[in-house]
Amino acid sequence: MSTPDPEVYEEGRGMDAHNAVMREVRSRNDRTYDPREPTRVWLDEDNTPSGVRTSLTIILNTGGCRWARAGGCTMCGYVAESVDGGTVAHEDLMAQVQYCLDHEEERGDEPADLIKIYTSGSFLDEREVPAETRDAVAETFADRERMVLESLPDFVERERLADFTDRGIETDVAIGLETATDRVRHDCVNKYFDFADFEEACAEAEAAGAGVKAYLLMKPPFLTESEAVEDMKRSVRRCADVDGCHTVSMNPTNVQSYTMVEELFHAGGYRPPWLWSVCAVLEETADVDAIVVSDPVGHGSDRGPHNCGDCDDRVQRAVKDFDLRQDPSVFEQVSCDCETTWEAVVEREKSFGMPLAR
Amino acid sequence: MTDYFEVHERDGPARLGEVRLADPLRTPGLVDEVLDDSGSRWPEERDVLDGDESTLTVLPHRAFPAGTDERVADAFATDYPDVEFPSVAVVSRDTAADYGADAYALSEAAGIAGHAAAFVETVLDVRGEIPPDSALYCSGLATPANVATLAYAGVDLFDTDKAYVRGLEGFYLTTDGEAFLEDLDELPCACAACQQSRETFDHEDCAEHNVNALRAELARVRQRIRGGRLRDYVEGQARHEAWLTATFRRLDQQYGYVEQRTPILRRDELLAASDDSLKRVEIQRFADRVTSRYHNRFDGPLVLVPCSARKPYGDSQSHAQFHKTIGYRGHKVSMTSPIGVVPQELELTYPAQHYDSVVTGEWSESEVEFVAEVLARYLDATDYPRHVAHVPPGGYTDIVERAVERCESDVEFEFTVGDHPTTDESLAALDETLEGEERYLKREREHNTVRAIADYQFGAGGAVGEEGAAAGDAFFDHISTGGRYPSLRVNSEGEQWATLVPQYGTLSLTLEGAKRWVDSDVPTKTVEIDGFVPQGSVLAPGILDADADIRVGEEVVVEGPRAFAVGRASMAGDEMVRSTRGIAVDVRHVEER
């Protein structure tokens, strides 16, 4: 950011403003968390390049994202769920892993094929997860088929991935790209890397024998419904075109606590996306050469992606069905009167007249 | 600079205007057909569309929805280019400024719908920043039920988006709110979309109906503004939704905003049908001017009488009887809800002869309180040798007693009515009470009427009861009157200075009168113009400066290097200064310098 380009200057000012506001919003949260328990853990099924597999998803509590402490992304409330004060020690992180293994043993029939570890930050950042811990985690799950590790592109280095690939684990890096449009990522999400960084990370992962799963965010603040849909259609295609990126997870924004999105939501200036928008993107990009999935959180509620209230569960089921089968015809099986409302919103909603419907 | 929008008429904050497109658009109105959006800069860089005079082009923008932090708005605020075609700039409460556009789209509008406080504060802030002769546009907000109140608050442009989408959601919108279509056994409308059986009427028909209802309501709003009667309508219609009632009440609390925009005279009736009417600027202003500017010049006793339904009061049978009985021996002051007290000299003055109210024989507590408060202030501001209350027992006497208790002066009333003020007994009692009081001349009454109206219109040189002459004395101390009341000509020093205009109860000045005003100690309301000689009217672009306290309908002196003129203001002083379009002053007389 050293060039005296006015656009960059504008981005810098925008980032400063976003960060100042986000710091203030986050500071209202005074909850603290036990460093020996993960933020969340659950069992599920996932579509992977090798087929549908049982999965154990772990949100590891690592002290959270360093970017979020500076302010961070406008929609992300996960930092609020991180440990107060800073780094979590190796022993504590391993206690969290053990907690998850116990959870799996209690609830699952047999060990999951797929282990997904998110930190609301970067698992590959050694200031967040020490090398010692990374190695121990890889060792713990060495017998599994596949692992997904969340990281920002900066920390995707083949030496760090080697801990996993060398143990014969199919390894994917989950990158929160949010959108392929730099402008939207910077100005609406307040996330500061470029699509080019994502492309580099994909190349680096591929060189390490790993893959990349891109996470996209549908409808960050300040976009209309139609702009959000267009942004996602474009982003799915651009991600799928990048070598090494074999899966795209396109997820609608939900209103998380202590975020800028929540401030807008409370004041009446934000509505999460329609589930029809999710369907529209998945249906329209079904031909791309990548697995495209979506996992709407909080569907059907005011704070989550929603339609009219009557059809939300049915549409959510269609999305989950699509996730596993990648067959766009699932969307022909669901319909509701509110689809015409959604179409009118997409056609009419103006950036200076939103939200047009609740 | 505003090139393509012009305000033609004002009714409080509401305006009747025109977007001057190839095919002009009346406002308050819908922009759907003429809007061309260059687009939002949040997802991508945008170029300005090549606009032309057939459309309103929205300039590339970053919109800040409701809840956007001021720091974020400041950091991402867009600057707008000067363009040669009709344009719209998108602004928020934090970024509103004069960008030279013809219209301004308020980006929080859809988000703050339903929140009266946020809506009123935002509209006031934004209106204070954008030029008065630019249009304010609220997108995604208008419904048949809310558009009258929104226009009343000062919004000029709308679109059909909200009404249309609401229809698709299954809500049937009317001026009295909304209903689930499913709950309607019959369609309460006769628009084209509703010309079918209830069974075949679907959500798309509902959307079409909603748009029709919105169009019809906007036409009604425009007609109301034309007639100067939007407020009367809003007071009733807004009651169907709580937030709309809260909106106009909160506007009443923002007295300065509404007062500045409310004309001092109208030809039209003012119907005071609710307690909210008492908060109207017209009512408050009259009460304020009567108790702070007006000066009583009669030596006789005060005779309080009840108002009459017929206006002006002098035309009523009851007041003819009072007048005859008083026989120039007392100063007749009428007590009335909702305007308080009306001295006989001001019976023609707006809104004293223009209002109508709901008469049931019972007074509401707020009416009693309001009139008592005004009467108490009036008693403190005047100094009568005796006080006679010729009012019927009940509400009127309660008010008199409450006012006496409240006022600081030591006032004692003599009551002269037994049961009803126009019975022979009551009139005889009044006659008897006034026995021995000196009679004043009809000429004195006419002169004092001119002076009282001057007080009311031009303001006191000093507050009543304090040192410094009232406008009526400073301005019209040696006058004679010609003509027959109420069409009086006011002469002095061999020249005509003014005419009393019967339908407004105000004075229209001649050039001689205007010069006298300038020479007097009474503060002149002056419009300073450039070096030209105005013919018929002064347009806003020719104005260099204007006094901030000028209101629509007020007498103003127009002065410039080449001309001296007098006329009536068509816009408020602030609007004259900040506008680049529109008629500012209707010039009555002009002379070259």
Side-chain angles (χ1 to χ4, degrees), chain A residues 7 10-22 24-25 74 179 181-184 187-188 190 220-224 226-228 230-231 234 260-271 308 337-345 347-358, chain B residues 32 35 37 39-45 58 61-78 88-92 104-115 118-119 137-142 158-162 164-170 202-204 207:
Chain A
E7 194 68 9
E10 185 181 283
E11 283 171 3
R13 282 190 59 200
M15 181 178 72
D16 289 347
H18 277 320
N19 283 342
V21 174
M22 282 299 294
E24 192 176 294
V25 172
T74 55
T179 163
T181 316
D182 287 343
R183 190 181 182 93
V184 173
D187 295 348
C188 300
N190 195 39
F222 310 115
L223 296 191
T224 62
S226 64
E227 286 164 352
E230 289 313 307
D231 179 50
R234 189 169 57 224
M260 189 183 287
V261 166
E262 188 183 42
E263 300 284 298
L264 294 166
F265 173 76
H266 281 320
Y270 183 78
R271 183 212 192 273
C308 65
D337 280 352
C338 76
E339 222 170 333
T340 55
T341 307
W342 169 75
E343 281 166 8
V345 168
E347 185 190 324
R348 286 170 174 255
E349 189 177 62
K350 300 169 177 67
S351 55
F352 47 86
M354 64 178 184
L356 189 49
R358 297 287 168 185
Chain B
D32 295 61
L35 201 72
D37 189 357
S40 166
R41 284 189 162 144
W42 283 112
E44 59 189 284
E45 185 52 47
V58 181
H61 56 272
R62 285 189 196 256
F64 305 114
T68 306
D69 191 279
E70 186 178 357
R71 288 163 285 184
V72 172
D74 285 346
F76 287 99
T78 324
V88 182
V90 176
V91 297
S92 69
Y104 293 82
L106 178 60
S107 58
E108 298 103 321
I112 57 181
H115 304 281
F119 179 78
Y137 169 28
C138 285
S139 174
L141 179 58
F158 304 95
D159 53 41
T160 63
D161 290 351
K162 185 73 183 179
Y164 185 81
V165 166
R166 208 71 186 129
L168 294 180
E169 291 178 302
D202 63 15
H203 285 191
E204 286 184 33

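Proteins come first, then strands; the chains are lettered A, B, ... in the order of their sequence lines, and each starts at number 1. A quick note: this is a predicted structure, and the numbers were derived from the prediction, not measured.
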For the pair [X] and [Y], find out whether any cationic side-chain nitrogen is under 4.0 Å from an anionic carboxylate oxygen.
X        : Y        : answer
A:Glu24  : B:Arg71  : yes
A:Lys350 : B:Asp161 : yes
B:Glu45  : A:Arg183 : yes

Inset, instruction - Against chain A, work out which of B:Ala118, B:Ala63, B:Ser92 has the most heavy-atom pairs shorter than 4.5 Å and name it. - result: B:Ala63
Inset, instruction - Quick one: which of B:Asp32, B:Asp74, B:Leu141, B:Val91 has the most heavy-atom pairs under 4.5 Å with chain A, could you say? - result: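 With the most close heavy-atom pairs to chain A, the winner is B:Asp74.
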Legend entry - Top of A:Leu356, A:Asp337, A:Thr179 for chain B proximity - count of heavy-atom pairs under 4.5 angstrom: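 Between A:Leu356, A:Asp337, A:Thr179, the count favours A:Leu356.
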Inset, instruction - Select, from A:His266, A:Glu227, A:Met260, A:Glu263, the one with the greatest count of heavy-atom pairs under 4.5 Å involving chain B. - result: A:Glu227
Inset, instruction - Would you check if there is a donor-acceptor pair between the side chains of A:Ser351 and B:His61 at a distance under 3.5 Å? - result: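 Indeed, the side chains of B:His61 and A:Ser351 share at least one donor-acceptor pair under 3.5 Å.
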Inset, instruction - Determine whether the side chains of A:Arg348 and B:Thr160 contain a donor N or O and an acceptor N or O closer than 3.5 Å. - result: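 Note: A:Arg348 and B:Thr160 side chains meet the donor-acceptor criterion.
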Legend entry - B:Pro65 side chain reached by A:Leu264 side chain, heavy atoms, under 4.5 Å: yes
Legend entry - Minimum side-chain heavy-atom gap B:Trp42-A:Asp187 below 4.5 Å: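 Yes, close enough: below the 4.5 Å cut-off.
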Legend entry - Donor-acceptor contact present, side-chain B:Arg62 to main-chain A:Phe222, <3.5 Å: no
Please classify the contact of [X] with chain A as side chain, backbone, both or neither, using a heavy-atom distance under 4.5 Å.
X        : result
B:Val72  : both
B:Glu169 : both
B:Leu106 : backbone
B:Asp202 : neither
B:Arg166 : neither
B:Val58  : side chain
B:Glu204 : side chain

Legend entry - Interface moiety of A:Leu223 toward chain B, non-hydrogen atoms closer than 4.5 Å: side chain
Legend entry - chain B contact via A:Thr340 - which portion, at a heavy-atom distance below 4.5 Å: both
Locate the shortest heavy-atom distance separating [X] from [Y]; write the atom from each residue and the value.
X        : Y        : answer
A:Pro355 : B:Gly111 : CD-CA, 4.4 Å
B:Ala66  : A:Gly268 : CB-C, 4.2 Å
B:Val165 : A:Val345 : CG1-CG2, 4.2 Å
A:Val184 : B:Pro43  : CG2-CA, 3.6 Å

Legend entry - Approximate separation, where rounding is to 0.5 Å, of A:Asp182 CG and B:Glu44 CD: 13.0 Å
Inset, instruction - Determine, stepwise, if the pair A:Phe352 / B:Phe64 fulfils ring pair (Phe, Tyr, Trp, His ring centres under 6.0 Å). - result: CA-CA 7 Å; A:Phe352 47 86; B:Phe64 305 114; over 10 Å; no
